[in-house]
There are 4 protein chains.
Amino acid sequence: MPIIVDKDRKRRDILQAAMRVFARDGYHRAKMEAVAEEAGIGKGTVYEYFKSKTDLFLVLHDHMLAELKDFYMKELAGIQQPAAILERFIAVAFQTFRVWEPFFLVFFDFWAEGGRGEQQALLQTRLREAYAVARADVAAIIAAGVKDGSFRCDNPSLAAASILATLDGLVLQWLCDRDAFDLDAMRETLTQGILRGLQP
Amino acid sequence: MPIIVDKDRKRRDILQAAMRVFARDGYHRAKMEAVAEEAGIGKGTVYEYFKSKTDLFLVLHDHMLAELKDFYMKELAGIQQPAAILERFIAVAFQTFRVWEPFFLVFFDFWAEGGRGEQQALLQTRLREAYAVARADVAAIIAAGVKDGSFRCDNPSLAAASILATLDGLVLQWLCDRDAFDLDAMRETLTQGILRGLQP
Amino acid sequence: MPIIVDKDRKRRDILQAAMRVFARDGYHRAKMEAVAEEAGIGKGTVYEYFKSKTDLFLVLHDHMLAELKDFYMKELAGIQQPAAILERFIAVAFQTFRVWEPFFLVFFDFWAEGGRGEQQALLQTRLREAYAVARADVAAIIAAGVKDGSFRCDNPSLAAASILATLDGLVLQWLCDRDAFDLDAMRETLTQGILRGLQP
Amino acid sequence: MPIIVDKDRKRRDILQAAMRVFARDGYHRAKMEAVAEEAGIGKGTVYEYFKSKTDLFLVLHDHMLAELKDFYMKELAGIQQPAAILERFIAVAFQTFRVWEPFFLVFFDFWAEGGRGEQQALLQTRLREAYAVARADVAAIIAAGVKDGSFRCDNPSLAAASILATLDGLVLQWLCDRDAFDLDAMRETLTQGILRGLQP
DNA sequence: GATGAATGAGAATTCATTCAT
DNA sequence: CATGAATGAATTCTCATTCAT
């Protein structure tokens with residue numbers, strides 16, 4: 001079914017284009033025309049693939065999260081020890097700071113929009129679920145460590161929330177000012193701090 | 001005999017109104033007319049006090065930060081021990097989660113806009129400076145603890161950055177989902193974690 | 001009656017200010033506030049002296065024309081010979097080019113507005129009357145010359161109209177481009193041409 | 001398959017509509033919506049063809065001048081004798097009084113705006129160039145007459161400036177008051193006067 | 001009288017979306 | 001399917017005018 005593949009490909013292209021444009025201009029300032037141009041297609045064509053700007057935004061959220069999760073899965077695959085997984089997890093997070101910069105700039109918009117449940121109920125739901133999943137994933141790693149005795153933690157979900165929060169907060173701070181702190185030093189210090197905090 | 005009006009007072013009123021409206025609708029969706037209405041004045045009057053929507057936004061940023069800082073100063077006044085200051089600092093931060101909810105929703109917009117230096121260079125600069133000041137303030141507390149031997153920390157600025165990041169990230173997560181975690185439990189765990197991390 | 005004199009004085013000041021501001025910015029772009037500022041008074045005070053912007057504009061027209069006529073009267077007083085009067089009249093017109101530059105810039109607006117009878121019926125009427133009076137005045141000079149045998153002219157009113165037209169057109173051209181022609185050369189040539197055209 | 005539209009045709013339609021609306025209401029009073037309505041299109045469509053109201057005004061100036069020049073070229077084509085050309089030139093000018101009435105009303109606005117170099121530098125430049133070209137064209141006719149001995153004139157450019165000025169001034173006067181003078185009588189008298197003034 | 005703070009009608013401009021081709 | 005011309009709702013900002021003091 002080559003047609004389906006083709007449509008899917010184009011859909012993906014538009015999403016990529018949207019990410020770049022939204023990252024550059026911000027969701028509200030970004031024009032659908034700019035997205036189309038970036039994707040190398042006509043303005044009207046975007047609407048063949050996405051119902052509206054909001055829809056595109058929503059789908060982009062899912063798409064980006066899926067890509068991010070894929071990335072993590074690949075990078076974390078095969079590691080056995082919970083501590084090693086956690087260390088690698090943090091390292092990957094710091095990698096994304098640099099590599100996925102546009103990704104996070106768009107996330108600023110997701111946060112800003114999702115914070116207003118009234119206006120963007122669907123996005124807020126998505127954001128909640130995404131956070132819940134992420135917390136669960138990280139909590140699972142911690143729980144595994146607790147189980148095998150390498151970690152000590154009364155509330156893995158809470159710990160997961162705070163780890164995620166720290167990483168979010170760091171990308172926020174770093175994207176506002178690349179000189180806020182040294183990425184490598186921060187990664188090392190943070191890793192040590194978190195692992196020590198989980199020590200039995 | 002010109003009409004005597006407390007221009008400063010009115011300016012503040014408009015800023016308060018803007019905060020509420022921006023918090024509710026988001027900066028971009030918010031209409032200047034809505035701000036005026038919220039302030040109980042006419043549309044044109046807003047422009048007597050602020051040059052433009054952008055200007056209002058910018059001034060609001062400074063105003064909100066100043067208020068926040070005031071709040072912290074008052075709450076932290078008189079505490080002597082660095083560890084006590086830090087503990088109280090975190091506690092105050094968690095207080096603000098609930099009380100200053102609109103404040104943080106608007107901050108989402110500051111971050112989203114400030115992340116785009118191209119569009120909002122002035123805001124970005126403001127954001128950078130604000131972060132730098134906050135880091136310096138927290139770092140100073142830590143450094144004081146290092147000096148009096150109650151803390152051990154190789155890089156207070158780095159530690160400050162990560163503490164601030166965690167708090168930012170938590171408010172982000174919590175505003176997206178009030179059920180993400182229990183505020184009190186998180187505060188306690190986090191406080192312990194941070195203080196233990198700084199133990200000599 | 002010093003009060004009346006005072007009010008009259010202020011009225012005149014406002015008119016002068018309006019002329020300068022209208023000349024600089026154009027009638028439509030000019031703000032009433034700028035007129036007030038130029039006159040050194042408060043914005044509201046202008047409305048104590050003039051009902052509206054349109055009213056101010058209208059009165060300014062009359063005021064400027066009266067001043068112009070005064071100027072001509074003084075300069076032409078005492079000259080006896082029709083040819084000498086006409087020559088002097090043209091010379092005075094050229095003088096005004098330089099000296100009354102703002103005056104004519106405002107006249108551009110009178111013409112532009114007065115051309116639209118629908119919008120500015122009163123101004124159009126004023127403009128018509130002013131032109132009629134000017135034509136009659138110049139025609140009278142020519143008629144005097146015809147009477148005393150120094151001129152020959154079948155239709156003094158028509159000749160007057162064309163003389164006035166030439167002067168208007170020249171100021172128009174000159175204010176658009178000060179290098180369009182040399183004022184002195186033009187004055188001489190024009191004077192000769194007109195006088196020769198009226199030679200018996 | 002994009003919709004095939006004669007963009008040039010539509011552009012011209014909008015310009016024609018703008019001319020009518022600007023002539024009726026004046027540039028500043030005219031609303032872009034009125035222009036759109038007159039052109040039978042939507043408000044936003046005008047902006048697909050012209051960047052702004054100012055841009056539309058500027059392009060209209062060039063467009064109108066080009067049309068006027070075309071008209072003159074056609075009417076003057078094939079005439080050989082300088083005196084005949086000049087006579088015809090004046091006759092055509094008087095024709096335009098009646099036929100191109102909206103044209104000249106809009107020109108009032110060009111003059112009023114162009115006189116303020118600060119506000120409308122581009123228009124002023126255009127106006128200057130247009131005048132310079134017109135002077136050169138008329139001067140060339142006179143110079144040709146001087147060359148073949150049919151005219152005598154020391155300064156054709158100066159003469160051209162004054163001829164153009166007279167015509168401009170007459171249209172100004174006539175549009176303010178259609179009863180100011182009889183067009184035909186004026187044309188005849190003026191033609192005679194100018195030709196006599198150029199007699200060897 | 002004088003003032004300038006307040007106002008809101010009004011206008012330019014933008015841009016998501018539609019739809020004829 | 002793809003396109004981009006057309007659209008008008010929506011929004012920012014301006015400024016003449018009013019009126020309480």
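All chains are named by letter (A, B, ...) in the order of the sequence lines, taking the proteins before the strands, and each is independently numbered beginning at 1.
An OP1 or OP2 oxygen of dA2(F) is reached within less than 4.0 angstrom by a side-chain nitrogen or oxygen of Tyr49(A). A sub-4.0 Å separation between OP1 or OP2 of dA5(F) and a side-chain N or O of Thr45(D) is absent. For dA16(F), neither phosphate oxygen OP1 nor OP2 lies less than 4.0 angstrom from any side-chain nitrogen or oxygen of Lys51(C).
Put simply, NZ on Lys31(C) is 11 Å from C1' on dC13(F), counting in whole angstrom units. Between Met32(D) atom CE and dA11(E) atom P there is a gap of 13 Å when expressed in whole angstrom units. Protein atom NE2 of His28(A) is 13 Å distant from nucleotide atom C1' of dA10(F), rounded to whole Å. As rounded to whole Å, 12 Å separates atom P of dG1(E) from atom CD1 of Ile14(C). Atoms CZ (Arg29(B)) and C1' (dT12(F)) sit 17 Å apart, rounded to a whole Å. Taking atom CZ of residue Phe50(B) and atom P of nucleotide dA5(E), one finds them 15 Å apart after rounding to whole Å. Here the P atom of nucleotide dA11(E) and the CD atom of Glu37(D) are 13 Å apart, to the nearest Å. Per the geometry, OH belonging to Tyr47(D) stands 16 Å off P belonging to dA9(F), to the nearest Å.
Remark: Glu33(C) CD is loosely packed, at most 12 non-hydrogen atoms of other residues, nucleotides or ligands lying under 6.0 Å away.
Of the residues near DNA chain E, Thr54(D) and Gly44(B), the one whose nearest nucleotide (by heavy atom distance) lies more toward the 5' end is Gly44(B). Position along DNA chain F of the nearest nucleotide to Tyr27(C) versus Val46(D) favours Val46(D) as the more 5'-ward residue. The 5' end of DNA chain E is approached more closely, in terms of each residue's nearest nucleotide, by Ile41(C) than by the other of Glu48(D) and Ile41(C).
At a threshold of 4.0 angstrom between heavy atoms, the contacts of Lys43(B) include nucleobase atoms, whether or not backbone atoms are also involved. The residue Ala30(C) sits close only to the backbone: its heavy atoms come under 4.0 Å of sugar-phosphate atoms, none of a base. Residue-level contact check: Lys53(D) touches the backbone only, with heavy atoms under 4.0 Å from sugar-phosphate atoms and none from bases.
Using cut-offs of 30° and 60° for the angle between ring planes, the His61(A) and Phe107(A) rings count as tilted. Aromatic ring orientation, Phe22(D) versus Phe57(D): perpendicular (interplanar angle above 60°, classes split at 30° and 60°).
With both pairing distances under 3.5 Å, dA20(F) is matched to dT3(E) as a Watson-Crick or G-U wobble pair.
A salt bridge does not link Asp25(D) with Arg20(D): every distance from a Lys NZ or Arg NE/NH1/NH2 to an Asp or Glu carboxylate oxygen is 4.0 Å or more.
Proximity note for Lys10(B) (side chain, C-beta onward) versus dA11(E), dA16(E), dA6(E): the nearest is dA6(E).
Under the 3.5 Å distance criterion, with hydrogens and angles disregarded, a donor-acceptor pair is assigned to the side chains of Gln124(B) and Arg128(B).
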